[in-house]
Asks: 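The structure is given below, and queries will be raised subsequently.
Order of the sequence lines fixes the chain letters, A, B, ..., with proteins taken first and strands second; residue numbering starts at 1 for each chain.
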Number of protein chains: 2
Amino acid sequence: MFTDRGYDAVTVADVAEAAGVSAMTVYRHFPTKEDLVLIDQPARLIAERVAASSATLPVVHRVGGALVDAATALTGGYGDGDGPVASERFLLDCLRLMVATPALRARHLDSQYALQQAIADALGDGTADPDPDAAFRAQAAISACLAAMHTALTRWAEEDGRTPLPDLIARALTASFGDAVPAPGRQD
Amino acid sequence: MFTDRGYDAVTVADVAEAAGVSAMTVYRHFPTKEDLVLIDQPARLIAERVAASSATLPVVHRVGGALVDAATALTGGYGDGDGPVASERFLLDCLRLMVATPALRARHLDSQYALQQAIADALGDGTADPDPDAAFRAQAAISACLAAMHTALTRWAEEDGRTPLPDLIARALTASFGDAVPAPGRQD
DNA sequence: ACTCAAGTGTTAGTCACTAACAGTGCGGTA
DNA sequence: TACCGCACTGTTAGTGACTAACACTTGAGT
């Protein structure tokens, strides 16, 4: 319904009626109308991979690798050659809505803000880190990585999933950080 | 009022009453409640500086330099040694509200999205750029720069403006991109 | 049969925001 | 002076997201 008629033109009451329930029931399952569309980022998956990476690598390499890995796990990986599968179609529809609708776009960007905190925790895991300056530098690097990933997500939706998502993310990271991140076209 | 009682606890009717006008009048001057707090980013200023930079430099260097310059122009620059001045106090209050209030934070991040488009236009200015892949790489680099700047803004608000904003931005950029950006502590 | 719990519906209300209409004051014009 | 137009403001009524409080149904376990 959102894709056909536009996010703003569909009320929560419409969604409830189409689902055969009352509007109140919708709110009990989804805290806001925006959550009907937003895909919860696999924060735990990404944070785990960051925590598992070698602490000797630069931050952008650790985070970038985790993002590419997570995208690979989510979308089924490289080179199946079949274009997007059914489960990806839904992802693409949601992403298109997010890019096109200001309210959804803003919420999605803010959810990346939460993901940033989770990654920062995963980075410093194990070592007490009393250095606020190092924490600041890590936050900056993480947010830059996530912004590059968001650009890749947008591009992925725009070109309808033709290029595998992990490849797009790797290219976005390389365009931003040069060779300090895993190179596109292969996985670590 | 927002700082004292919290953004959500103050209604538009409250603001209107305090200003001695009707709620309708508030909406005629500010399109949304959020715009009462949001500071419009100096998009034109930044875009001009990007367009004026040397096209032979890497994208992150051009954008990063423009961001540091714009911050210098806005906050009065380095080393006056007096801490934040009165005009900066208001900026800091707004920033704190933005970081603390989810709705404002989301809107602010989305406004950076618009800034990203403006910078992308400024980058490709003059040269017809039919290469969608180069445009994608530029978008990725720009968004990463802006994310680093946002981290610096957040940090600036957290430490109450003690460190000069241009310095924080330069350090955030260096933490993300290494020596591909202007070094902190001096200006180009 | 009784009970508890989870899920659902209803109602009334708050608040952001919009549209349509009606003043009100003020400078320029004849 | 009388008139006109324009910018600004207020009022009213309405939509839609979202919340709180309360009553109801249903199904599982005892």
Asks: Can a donor-acceptor pair be found between the side chains of B/Thr72 and B/Asp69 at a distance below 3.5 Å?
Replies: no
Asks: Any ion pair linking A/Arg96 and A/Asp93 (charged N to carboxylate O, less than 4.0 Å)?
Replies: yes
Asks: Please write out the pairs of protein N or O atoms and N or O atoms of nucleotides 17-21 of chain C separated by less than 3.5 Å, giving the distance to one decimal.
Replies:
unit_1 : atom_1 : unit_2  : atom_2 : d
C/dC17 : OP2    : B/Lys33 : N      : 2.7

Asks: Round to the nearest Å and state the distance from A/Phe2 atom CZ to D/dA17 atom C1'.
Replies: 12 Å
Asks: Nearest-Å distance, CZ (A/Phe30) to P (D/dT19)?
Replies: 15 Å
Asks: Got a sec, which residues hit ring pair (Phe, Tyr, Trp, His ring centres under 6.0 Å) with B/Phe136, two or more places apart in sequence or on another chain?
Replies: none
Asks: Output the rounded distance in Å from NE2 (B/His29) to P (D/dG10).
Replies: 9 Å
Asks: Tell me whether the OP1 or OP2 atom of D/dG10 has a side-chain N or O from B/Ser22 closer than 4.0 Å.
Replies: yes
Asks: Rounded to whole angstrom units, what separation is found between the CD atom of A/Glu17 and the P atom of C/dT8?
Replies: 17 Å
Asks: Any side-chain heavy-atom pair from A/Met149 and A/Gln112 closer than 4.5 angstrom?
Replies: yes
Asks: About how many Å separate CG of B/Leu36 and NE2 of B/His29, when rounded to the nearest 0.5 Å?
Replies: 11.5 Å
Asks: What pairs meet the side chain to side chain donor-acceptor pair (under 3.5 Å) rule with one or both residues in residues 145-154 of chain B, with sequence neighbours excluded?
Replies: A/Ser143-B/Thr151
Asks: What is the distance, to the nearest angstrom, from the CZ atom on A/Arg5 to the C1' atom on D/dG16?
Replies: 14 Å
Asks: Nearest-Å distance, CG (A/Asp14) to C1' (D/dG16)?
Replies: 11 Å
